[in-house]
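Following: one structure in structure tokens, then a few remarks.
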Amino acid sequence: MKFWIQMTVVSLILLALGSPAVHICRLIGGNGLVGPGAAIANSEKVPSVMWEDLQQLDLKTGKAPASLQKLDGSVVRVPGFVIPLEDNDQSVSEFLLVPYPMACIHVPAPPPNLIVHVKMDKGKKVAFNFYAPVWAQGRLKIQTTQNMYSDSSYFMNGMLVEPYKPEKKAP
């Protein structure tokens with residue numbers, strides 16, 4: 001009996017929070033798609049920013065090293081996993097980009113300097129799968145934003161999202 005009371009309470013809380021709070025439970029299988037948006041010219045020439053670079057932002061002071069400051073406002077690409085901020089099981093125009101899959105309310109969220117809040121340009125929609133890594137490309141800003149799951153230290157005006165492929169290293 002205690003179990004059913006607990007389940008009822010949890011269900012009521014989820015209903016009170018609204019449908020985005022239950023997105024993972026409905027979407028855990030995903031649809032296997034990641035749809036590219038309109039590419040900007042020569043995406044290979046866009047600098048890649050890795051999580052090790054983003055993590056250099058000091059959370060206590062808000063200070064970033066010069067190497068990170070020079071990227072503020074630049075078009076870059078970042079690899080990661082999509083956590084939707086909309087309740088849609090097909091595609092989204094606003095999401096969190098995180099370094100590991102399923103990093104949101106079901107597990108402890110990464111620190112803010114390991115979360116990029118992405119809002120696609122002109123409301124473009126991106127198909128997603130929670131377990132499929134992507135490259136998100138757009139104009140990166142060092143700016144704190146808040147959302148329903150966590151704070152993020154970065155905001156990106158997204159231009160392109162494409163399936164992740166490792167970069168080829170120069171010989």
Side-chain angles (χ1 to χ4, degrees), residues 23-24 27 30-59 62-86 88-104 107-171:
H23 73 279
I24 289 177
L27 301 175
N31 61 7
L33 300 174
V34 176
I40 64 172
N42 249 339
S43 69
E44 287 94 35
K45 293 183 181 180
V46 173
S48 297
V49 178
M50 305 311 278
W51 294 105
E52 294 82 15
D53 303 320
L54 297 174
Q55 192 172 21
Q56 293 179 37
L57 179 70
D58 188 308
L59 292 174
K63 302 239 186 244
S67 59
L68 190 55
Q69 287 178 5
K70 74 178 185 177
L71 297 173
D72 191 25
S74 299
V75 174
V76 299
R77 60 191 219 137
V78 181
F81 295 86
V82 172
I83 302 297
L85 291 175
E86 303 167 15
N88 188 327
D89 60 358
Q90 300 297 315
S91 61
V92 293
S93 61
E94 189 172 0
F95 58 92
L96 301 178
L97 189 69
V98 294
Y100 53 89
M102 303 298 285
C104 74
V107 296
N113 62 356
L114 288 179
I115 300 175
V116 179
H117 183 159
V118 180
K119 193 174 227 180
M120 294 303 292
D121 192 34
K122 299 176 185 162
K124 294 176 191 167
K125 296 283 187 176
V126 176
F128 68 93
N129 177 327
F130 285 106
Y131 299 103
V134 298
W135 282 105
Q137 181 174 305
R139 190 163 310 277
L140 184 71
K141 294 291 295 170
I142 300 173
Q143 138 186 348
T144 300
T145 61
Q146 295 179 331
N147 58 70
M148 68 180 99
Y149 301 119
S150 177
D151 291 347
S152 60
S153 297
Y154 302 98
F155 180 82
M156 178 183 282
N157 183 7
M159 300 172 180
L160 169 71
V161 174
E162 58 189 359
Y164 175 83
K165 291 183 183 139
E167 293 181 322
K168 296 177 184 166
K169 298 196 181 208

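This is a predicted model, so every value here is computed, not measured. Below, each value reflects all heavy atoms present in this structure, side chains not excepted, and no hydrogens, waters or symmetry copies. Residues take their numbers from the sequence shown, with the count starting at 1.
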Side chain to side chain contact (heavy atoms under 4.5 Å, CB included) between Y154 and L57, worked out:
CA-CA 10 Å; Y154 302 98; L57 179 70; 3.2 Å; yes
Is the side chain of [X] donor-acceptor paired with the backbone N or O of [Y] at a distance under 3.5 Å, no angle test?
X    : Y    : value
W135 : L160 : no
D72  : I142 : yes
R77  : S48  : no
S93  : M120 : no
Q137 : M159 : no

How far apart are the closest heavy atoms of [X] and [Y], and which atoms are they?
X    : Y    : answer
S91  : K125 : OG-CB, 3.6 Å
Y149 : I83  : CE1-CG2, 4.2 Å
P65  : Q56  : CG-OE1, 3.0 Å
P47  : V75  : CD-O, 3.6 Å
Q55  : N113 : O-ND2, 3.0 Å
S67  : L71  : O-CG, 3.7 Å

Nearest-0.5 Å distance that lies between atom [atom1] in [X] and atom [atom2] in [Y]:
X    : Y    : atom1 : atom2 : value
H117 : D151 : NE2   : CG    : 11.5 Å
F130 : M102 : CZ    : CE    : 5.5 Å
F95  : F81  : CZ    : CZ    : 13.0 Å
L96  : S152 : CG    : OG    : 6.5 Å

Flag the pair [X] / [Y] as yes when at least one side-chain heavy-atom distance between them is below 4.5 Å, and no otherwise.
X    : Y    : result
P112 : T144 : no
V76  : M156 : yes
V98  : L114 : no
V118 : V161 : no
V92  : L85  : no

For the pair L97 and V134, evaluate side chain to side chain contact (heavy atoms under 4.5 Å, CB included) and give the outcome as yes or no after the intermediate values.
CA-CA 9 Å; L97 189 69; V134 298; 4.0 Å; yes
